[in-house]
Enquirer: 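Dumping the structure here so I can ask a few things about it.
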Amino acid sequence: MRSPQWAIFGLGVVSGVKAMTPEQLIAAPRRGDALPDPSGKWAVFSTSEYSWAEHQTSSAWNMMDLSTRKISVLTNDSSVSEVTWMGTDESTLLYINGTNAEIPGGVELWIADVNSFEKSRYKAASLPAPFSGLKTAKTAEGDYKFLVYAESYPNGTAYNAELATAPLSTARIYDSIYVRHWDSWLTTRFNAIFSGSLKKKGDRWALCSDGHAEPLKNLIAGVKNLETPYPPFGDSSDYDLSSDGKMVAFKSKAPELPRANYTASYIYLVPHDGSQKPKAINGPESPGTPNEIKGDSSAPTFSPDGRHVAYLQMERISYESDRRILYVHEVGSNETNRAVAGDWDRSLDSVQWTSDGKTFVVKSEDKARSRLFTLPIDADDDFVPHNLTDGGSVRSYHHLPNGDYLVTSSAIWTSWSVSTVSLKSGVVSTLASANEMDAGLKGLSPRDLDEFYFDGNWTKIHAWMVFPAKFDKSKKYPLAFLIHGGPQGSWADSWSTRWNPKVWADQGYVVVAPNPTGSTGFGQALTDAIANNWGSYPYDDLVKAWEYVRDHFDFIDTDNGVAAGASYGGFMINWIQGNPLGRKFKALVTHDGTFVADAKISTEELWFMQHEFNGTFWDNHENYRRWDPSAPEHIKQFGTPTLVIHNANDFRLPEAEGLSLFNVLQERGVPSRFLSFPDENHWVTKKENSLVWHQQVLGWINKYSDVGKSNPQAISLNDTVIPVVDYNP
Ligand SMILES: *[C@@H]1O[C@H](CO)[C@@H](O)[C@H](O)[C@H]1NC(C)=O
Ligand SMILES: *[C@@H]1O[C@H](CO)[C@@H](O)[C@H](O)[C@H]1NC(C)=O
Ligand SMILES: *[C@@H]1O[C@H](CO)[C@@H](O)[C@H](O)[C@H]1NC(C)=O
Ligand SMILES: *[C@@H]1O[C@H](CO)[C@@H](O)[C@H](O)[C@H]1NC(C)=O
Ligand SMILES: *[C@@H]1O[C@H](CO)[C@@H](O)[C@H](O)[C@H]1NC(C)=O
Ligand SMILES: *[C@@H]1O[C@H](CO)[C@@H](O)[C@H](O)[C@H]1NC(C)=O
Ligand SMILES: *[C@@H]1O[C@H](CO)[C@@H](O)[C@H](O)[C@H]1NC(C)=O
Ligand SMILES: *[C@@H]1O[C@H](CO)[C@@H](O)[C@H](O)[C@H]1NC(C)=O
Ligand SMILES: *[C@@H]1O[C@H](CO)[C@@H](O)[C@H](O)[C@H]1NC(C)=O
């Protein structure tokens, strides 16, 4: 949240802050979302921190007293993997202990009181597999119902890798597409949700079998091909438990369609006791399915009285970046599920009901932020909601007993902040902020950034500017031009541990991060316009962004600028290299992008390419080839020094893309380097790998932009911690 006192700072104020290094960014504490207890007295959250001295991550669970704002350590036992509130009183916690005293690879459920965690904690259940994603409800009868998920075998039994016997051969054999996804090869196992119950025996809770043969019941085993949560990014927000503990709602991909080339998915309802099979509420056979709505469904959420389920859904059957619209289904009715503010030109990310069941609080990307909005439950299609929050990006929000919301958010200038937001008055008050807690973040503030709009190819385009430490408007800083992935994505006012613009800026650059055609959060037309236009409108937007920067900001040195991007941003860097804009930069960095147009057919999510290029590879080949950075006429333009990064576990765009590009650059005599991590996917997430990534990337751009002249602290390439393999000295 942007607190009011920041509003007085404007562009050009010299800040006294020291620069943030990659080491500081990577090691800085990473905090989880603040989860309030039902009485609103406490919030619990996780913290993990990396030590460069010990090369180890340490973790803890913290408590915040919401009235005094005092933060304390609940436990630093790293076996605690998830914590939730029992809701039976204000101080009882239920948590997953990620170890199991009897079953290797299993976990345990434990219960403790926050006021005396060590003394009060006891084991309530032993679970035979690595379950996670705890959701709970207390029933009127006084029982305690919960949901967890785990990978399961085709027969429905939860999978425990430590107890499984390894096959004698490592062969993988497939008879249909969808062989691998993100960074994993698909197996016959899939995610499933399991239900269980705790009952009070004396003064302690314990697992009861509820008459099942097994203590936990697989709720989706009754219907072939269901899977929830949906990997790799699905989590417990893919399912919900009604507040009386009786009904479960979950999302699954359409079981009747091949998974590799459609995004379609449905919301299902199933009783928590598993007494009936799951039934879709918006599938092709469901009476409530609105006409022509066939895309991906998400975020099923019960109303407080359990009589309705809200969910989000896209219209188109193979477009992952279509607009997510809010629908409401009445449980048990045959009425058509109703859209809420159905014409509002924003794509929703999550939805919650207020405790009186009269209003929705939704989260949506909005003009390069992630904001909260309120919607009356009966809002018509033409209703346009007001934003409840402004700056930064909301990560999570939970209602408090007084009707306020407890919000965890981040921004370009803060990794974590917790505040309360009043639905009635709109007042935001910050309870805690990482900038006050972490030495490495001290002094970062909203004055480290600014934004501007310029005339793009066909519409106004937004861009962020991020300033270096001790920024002085009267000086000149080389341009660092960053291009985001997706292409349906955005540079948002949020914290990143992978592409953090402030770390780039603090090497001595002014970062410019535009949101060109294809970006999300500025209306569906801007997002949709990139289909079949990968190298046209967005390229032209970027040319216009560069020209605007050159013509409007004296403090930016465009003669010594550099450009970098990952994924679609990597493709765009490859495209820029073979086009006139490439000659405007001193160096380029391209991370896990496509290079050879025809190679797109080797990806795993075929729906993506088939949407982007409007059909299959063979029926629409000219679309796939139209913007081919590897076309000879473009290769012959290559001339800007380029760092090529491509990781071995990237199954979205296989490693061969980076290797092909590096071969071409070397044979054409363009200064270039190839960096690859055998144990990273589309992203670099391991701490020591991330440090090398930063040293190589920043070292590369610093060498060519000569930023070291004005900033002696800038990383130089020869600081590298790994030897460079050079066969041609
Ligand atoms: C955290 O761990 C250390 C040992 O590493 C221990 O001495 C300390 O008491 C722990 N603190 C809490 C609050 O659990
Ligand atoms: C986690 O479980 C193990 C095995 O039962 C136990 O020894 C340990 O004390 C538990 N830790 C916590 C914090 O519950
Ligand atoms: C399900 O299959 C797995 C793997 O073959 C096996 O270990 C497990 O015992 C089976 N479960 C049941 C209930 O048959
Ligand atoms: C999706 O793939 C299946 C084969 O797995 C094929 O029968 C179907 O026509 C494909 N659909 C589209 C839209 O490509
Ligand atoms: C919904 O339709 C089904 C099938 O036609 C019918 O059996 C059921 O009674 C209907 N339910 C309601 C609430 O109308
Ligand atoms: C809503 O967003 C606008 C910018 O679009 C901002 O000026 C305003 O302060 C925000 N309102 C609230 C209540 O945060
Ligand atoms: C928009 O981009 C296209 C493709 O690069 C180009 O042909 C056209 O001239 C551009 N239009 C404007 C108004 O810049
Ligand atoms: C996409 O393909 C369909 C037919 O397959 C065609 O009608 C439509 O015009 C195409 N759209 C674009 C943008 O190429
Ligand atoms: C490291 O690079 C800088 C500038 O590129 C150069 O001046 C210095 O000599 C190099 N140091 C070593 C040890 O190679």
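In each ligand, atom 1 is the first atom listed, and ligand 1 is the first ligand listed.
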Enquirer: Over 60° means perpendicular and under 30° means parallel, so classify the ring planes of F613 and W534, tilted if in between.
Expert: tilted

Enquirer: Within the structure, does N155 bring an N/O atom to less than 3.5 angstrom of an N/O atom in ligand 3?
Expert: yes

Enquirer: In ligand 4, which numbered atoms sit nearer than 4.0 Å to a non-hydrogen atom of P258?
Expert: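 Within the 4.0 Å cut-off of P258, ligand 4 contributes 1 (C), 2 (O), 3 (C), 5 (O).
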
Enquirer: So if I count the atoms of ligand 4 from 1 in the order they appear, which ones are less than 4.0 Å from some heavy atom of I177?
Expert: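 Atoms satisfying the 4.0 Å criterion: 5 (O).
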
Enquirer: Could you work out, for atom 12 (C) of ligand 4, the closest of N261, L257, L606 by heavy-atom distance?
Expert: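 Closest candidate by heavy-atom distance is N261.
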
Enquirer: Does the protein place a non-hydrogen atom closer than 4.0 angstrom to atom 7 (O) of ligand 4?
Expert: no

Enquirer: For atom 2 (O) of ligand 6, which of V428, D390, N387 has the closest heavy atom?
Expert: N387

Enquirer: Does any N or O in the side chain of Y159 come within less than 3.5 Å of the main-chain N or O of A164, such that one atom is a donor and the other an acceptor?
Expert: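 No, the answer is negative, given that no donor and acceptor are paired below the 3.5 Å cut-off.
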
Enquirer: Quick check on side chain to side chain contact (heavy atoms under 4.5 Å, CB included): which of N402, D404, T354 does L423 satisfy it with?
Expert: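 Single pass found, and it is T354.
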
Enquirer: May I ask you to check if ligand 4 and Q610 share an N or O to N or O distance below 3.5 Å?
Expert: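 So ligand 4 has an N or O lying under 3.5 Å from an N or O of Q610.
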
Enquirer: Using the ring of each side chain (for Trp, its six-membered ring), is Y405 parallel, tilted or perpendicular to Y397, with breaks at 30° and 60°?
Expert: tilted

Enquirer: Tell me whether Y262 reaches ligand 4 (any heavy atom closer than 4.0 angstrom to a ligand atom).
Expert: yes

Enquirer: Compute the ring centroids of F651 and W182, then answer whether they are less than 6.0 Å apart.
Expert: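 Here the rings of W182 and F651 have centres that are no less than 6.0 Å from each other.
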
Enquirer: In a check of salt bridge (Lys or Arg N to Asp or Glu O under 4.0 Å) between E227 and each of K253, R259, R189, which one passes?
Expert: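 Of all the options given, the one that passes is R259.
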
Enquirer: Nearest heavy atom to atom 4 (C) of ligand 6 wins, so pick from R371, K367, H386.
Expert: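 It is R371 whose heavy atom sits nearest to atom 4 (C) of ligand 6.
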
Enquirer: Do the ring planes of F452 and Y548 sit parallel (below 30°), tilted (30 to 60°) or perpendicular (above 60°)?
Expert: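 Judged by the thresholds at 30° and 60°, the geometry between F452 and Y548 is parallel.
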
